[in-house]
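So you know, we letter chains A, B, ... as the sequences are listed, proteins then strands, and number each from 1.
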Amino acid sequence: MIQLPLLNVRDLTVEFSTRRGIVRAVRNIDISIGKGETLGIVGESGSGKSVTSYAVMRILDRAGQIAGGSIHFAGLDLRAASERQMVDLRGREMSMIFQNPRAALNPIRRIGHQIEDVLRQHAQAGSADAREKAIEALRDVRISRPEERYSAYPFELSGGMCQRVVIALALACRPKLLIADEPTTGLDVTTQKAVMDLILELTRARGMSTILITHDLGLAATYCSRVVVMEKGEVVETASAAEIFAAPRHAYTRKLMRATPRPGIGLRDLLPDENRAGEALPASAPGAPLLTVSALVKEYPRAEAGLFSRFMKPDAAGAQPFRAVDGIGFDIKRGESLGLVGESGCGKSTTSMMLMRLIDPTAGSIIFDGEDIGSIPARDFARHPMRKRIQMVFQDPTDSLNPRYSAARAIADPLLRLGACEPRTLRARVEELASLVGLPGDLLDRFPHQLSGGQKARVGIARAIALNPSLVVLDEPTAALDVSVQALVLNLLADLKAALGMSYLFVSHDLHVVRLICDRVIVMRAGRIIEQGRAADVLDHPKADYTKELIAALPHPPAQPAAR
Amino acid sequence: MSRSPGTGAAILATLSHARYVISGNPVTAFAFMLLGLLLFCAVFGPWIVPFDPLASDTAATLKAPSLRHWFGTDALGRDVFSRVVAATRLDLAIAVFSVALVFAFGGLAGIAAGFFGGWTDRIVGRIADTIMAFPLFVLAMGIVAALGNTVTNIVIATAIINFPLYARVARTEASVRREAGFVMAARLSGNSELRIALTSILPNILPIMMVQMSLTMGYAILNAAGLSFIGLGVRPPMPEWGIMVAEGAGSIISGEWWLALFPGLALMLAVFCFNLIGDGLRDIVDPQRRT
């Protein structure tokens, strides 16, 4: 028998009219989802996965339009539906969760009122029972003390909590279809697990259908029954989650899967066969300590009390300052790469900023190659000879490049300021660095907005290694990149380290990546070091409960690929 | 020169982007044509006009617009058309110089306030607040009256009353970028704070400041004309739109409408033109904010 699917997308084509003519973002795709099913749409940036969901919700922006195909939702032709009908459907029959929960909430309205708004909009509640129903909706998404949270503003809640509120908003009217567009990107792994478990549980309890849009194949395979893989606007493979992991049929799926970091593989295994340029250079055995940090503390004053509260509670003024980093100590040996792992707010960024001498520590010492650089004020460090020897690769390759500098100018900047590089040899040195990081020479005159994410990351790396530093701090260098690009960049970093004999401090929240690239790992929480040791030991046999929790929260796909 | 192809390509790309925006936005194209006309009048005005703007002709006073005198003549028999065209140079010069002055001082003060924060921010902020506390036109009148009744002082007064606008826009834009990754990267490359402010912050907020400049240009013209309308700054018989409107205003009741109308129209067109260009520039610079 044939059961009619809840959502049936046939031969859908979405076009965007741009100044360079019409761009087809989605080409002839077929997707269907049955009642109560969980479908994952997986693809890298530009694959058209989000555009597909916007087309279904009919919220494409003005430049985009559905050029062909059909979308049927519960028997209703959505292409032919009037805007009025769509307004009625959105939120009541089909809902969407966006990537950034904070942006999705009105910052100046209490969350309870925001939920009431949705309920009233769709006539699900009157003024008498709206409050009750809103609290009920908050309780459904496991928000503790919902009566109190009802009157909270979004800024008072954590990122994970905000995402729960967004889910509560989306599900308040009990829709039949939920579209979650990268619902956990930017959230910590433990929060990600909690949010995904919640979505899955509610999907089951209410018999909803859920579409999970993600770039993370592992996540999709863990939480979805069926997975659709998209590439460049086309569906390349549709299969059950177990099948797609056990026997991926399409070359792109295989490539994507191969590039996803997972336990039990080496760095080179991430790359497609044709890109494997020999085995990794043997990492030199770590030597003497290059950097020794001891009893490092960073305190921030608490937010200044307002006039009123200071007047009312005069003793509140002497509140304890906030300790972002609370007396940590570790060392980095020459030629070693050390992973610094923890969830947001654990103090790992503050620590790396202090090591970079961009901010001053409150107490403690940072001994770099025999000199206490912690005692040099950050303001004066720009002119200090040590400046050359500690460099950094930033998290967001776009944000870390001056939009007005060409790639060549960006790479040349440290050389001009600190390198004492002669103007005649400057261009040659920049070209040398570009070839070292695998950036084609003809891209050097382009500006950041003309480069892809991976190319921008390479520019950032070339700039960091331009002065032959001894220590490079890598602050989540691949977090903003697609997995296939991440695979290339991680290999590049490992090769550069082996070739140039640098040490790395690799700051990350992705334990799989840390396992691949780091010799040792430090796990931080609330400004303190919870656990440290060899990467394999810590990740395979964690001792601290917190580390165990982190590892347990990683998505566990149903089956590991048989052949790798 | 190995760099030139990149720079050339960048200029070409900007030009093609400008052409794209203008072709999709005929109003901006019209505004740029108007600007061309204004600039042409400002540069060549005194040479192309049919009559000497200062020469009086007692035989032809208060003549209505005709083929000989397109905009008519005034009480001294001077040709209004020639005077309106010739006045373009002075009015534009006042606007351009005052905007350049306020851009230099207001923009830099704003960048310093936004980038360095702390006391710099407080001082610049309070100066801006103090200026904003006055009715701006009255403040400009006071400045010109105190400094002396000259065109230079009109320029200075116009610059001062626009200071808060520039300082605040520059401050906001600079403080947004203060913690940007590329600023931190510049620090790691050994740039001094001052150099970061000038090479990393300034070029990136320049486009937004350009839009601001175009928008205040119209306001500066209006302000200068307003000051001369009440008798400050420019003195007769020098042709200037504000004075001409002032001189003609009294004659409207007696039927000589052309005396005030044409300089007023010129003033309106100039302000209109700069405001439209400001909107157009914003589209070119920042397509996201396009409405």
Side-chain angles (χ1 to χ4, degrees), chain A residues 18-20 353 356-358 378-385 387-388 390-419 427-428 430-431 441-450 459-460 463-464 466-467 469 473 475, chain B residues 1-14 16-25 116-118 173 176-209 283-288 290-291:
Chain A
T18 70
R19 49 194 292 194
R20 291 200 179 77
M353 288 297 206
M356 289 311 302
R357 304 301 303 114
L358 285 171
R379 249 202 353 254
D380 301 336
F381 201 72
R383 287 181 291 280
H384 195 271
R387 173 77 288 164
K388 297 176 155 188
I390 316 173
Q391 289 291 317
M392 182 163 181
V393 177
F394 292 88
Q395 176 171 5
D396 184 345
T398 310
D399 180 57
S400 67
L401 294 178
N402 187 336
R404 299 259 143 192
Y405 277 0
S406 66
R409 179 69 184 81
I411 299 172
D413 201 40
L415 294 169
L416 285 168
R417 298 276 82 80
L418 295 169
R427 183 73 191 189
V430 169
E431 273 163 13
D442 54 320
L443 298 182
L444 277 174
D445 287 312
R446 292 209 190 165
F447 287 89
H449 69 269
Q450 298 163 314
V459 174
R463 175 175 61 188
L467 298 164
V473 174
D475 184 6
Chain B
M1 288 303 284
S2 52
R3 293 180 69 99
S4 55
T7 324
I11 293 171
L12 274 184
T14 313
S16 88
H17 180 59
R19 202 177 56 218
Y20 166 74
V21 171
I22 287 174
S23 67
N25 192 350
F116 298 116
E173 296 294 333
V176 168
R177 288 165 178 80
R178 181 165 66 176
E179 300 297 326
F182 66 85
V183 169
M184 277 197 268
R187 273 191 197 119
L188 295 186
S189 305
N191 291 278
S192 64
E193 295 295 296
L194 187 65
R195 188 186 282 273
I196 293 173
L198 292 179
T199 62
S200 296
I201 304 283
L202 176 66
N204 280 300
I205 70 169
L206 212 50
I208 294 143
M209 298 299 283
D283 293 351
I284 293 174
V285 163
D286 184 3
Q288 302 279 310
R290 200 165 172 175
T291 48

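For A:Asp396, no part lies near chain B; criterion is any non-hydrogen pair under 4.5 Å. A:Tyr405 touches chain B through its side chain: at least one heavy atom from C-beta onward sits under 4.5 Å away, while N, CA, C and O do not. For A:Arg463, the part sitting under 4.5 Å from any heavy atom of chain B is the side chain, from C-beta outward, and nothing else.
Ranked by heavy-atom pairs shorter than 4.5 Å toward chain B, the options A:Leu401, A:Val393, A:Leu444, A:Ile390 are led by A:Leu401. No other option in B:Ala186, B:Ser200, B:Ser192 has as many heavy-atom pairs under 4.5 Å with chain A as B:Ser200. Taking A:Ala466, A:Ser400, A:Ala378 one by one and counting their heavy-atom pairs under 4.5 Å with chain B, the maximum is reached by A:Ser400.
Nearest heavy atoms, B:Arg187 versus A:Arg387: O-CD, 3.9 Å. For the residue pair B:Pro207 and A:Arg404, the shortest heavy atom distance occurs at CG-NH2, 3.2 Å. Nearest heavy-atom pair, A:Gln391 versus B:Leu188, reported as atom, atom and distance to 0.1 Å: NE2-O, 3.0 Å.
Atom CG in A:Leu467 sits 7.5 Å away from atom OG in B:Ser189 (nearest 0.5 Å). The line from CZ of B:Arg195 to CG of A:Asp413 is 8.5 Å long, rounded to the nearest 0.5 Å.
Using a 4.5 Å cut-off on side-chain heavy atoms (C-beta onward), B:Phe182 and A:Pro403 make contact.
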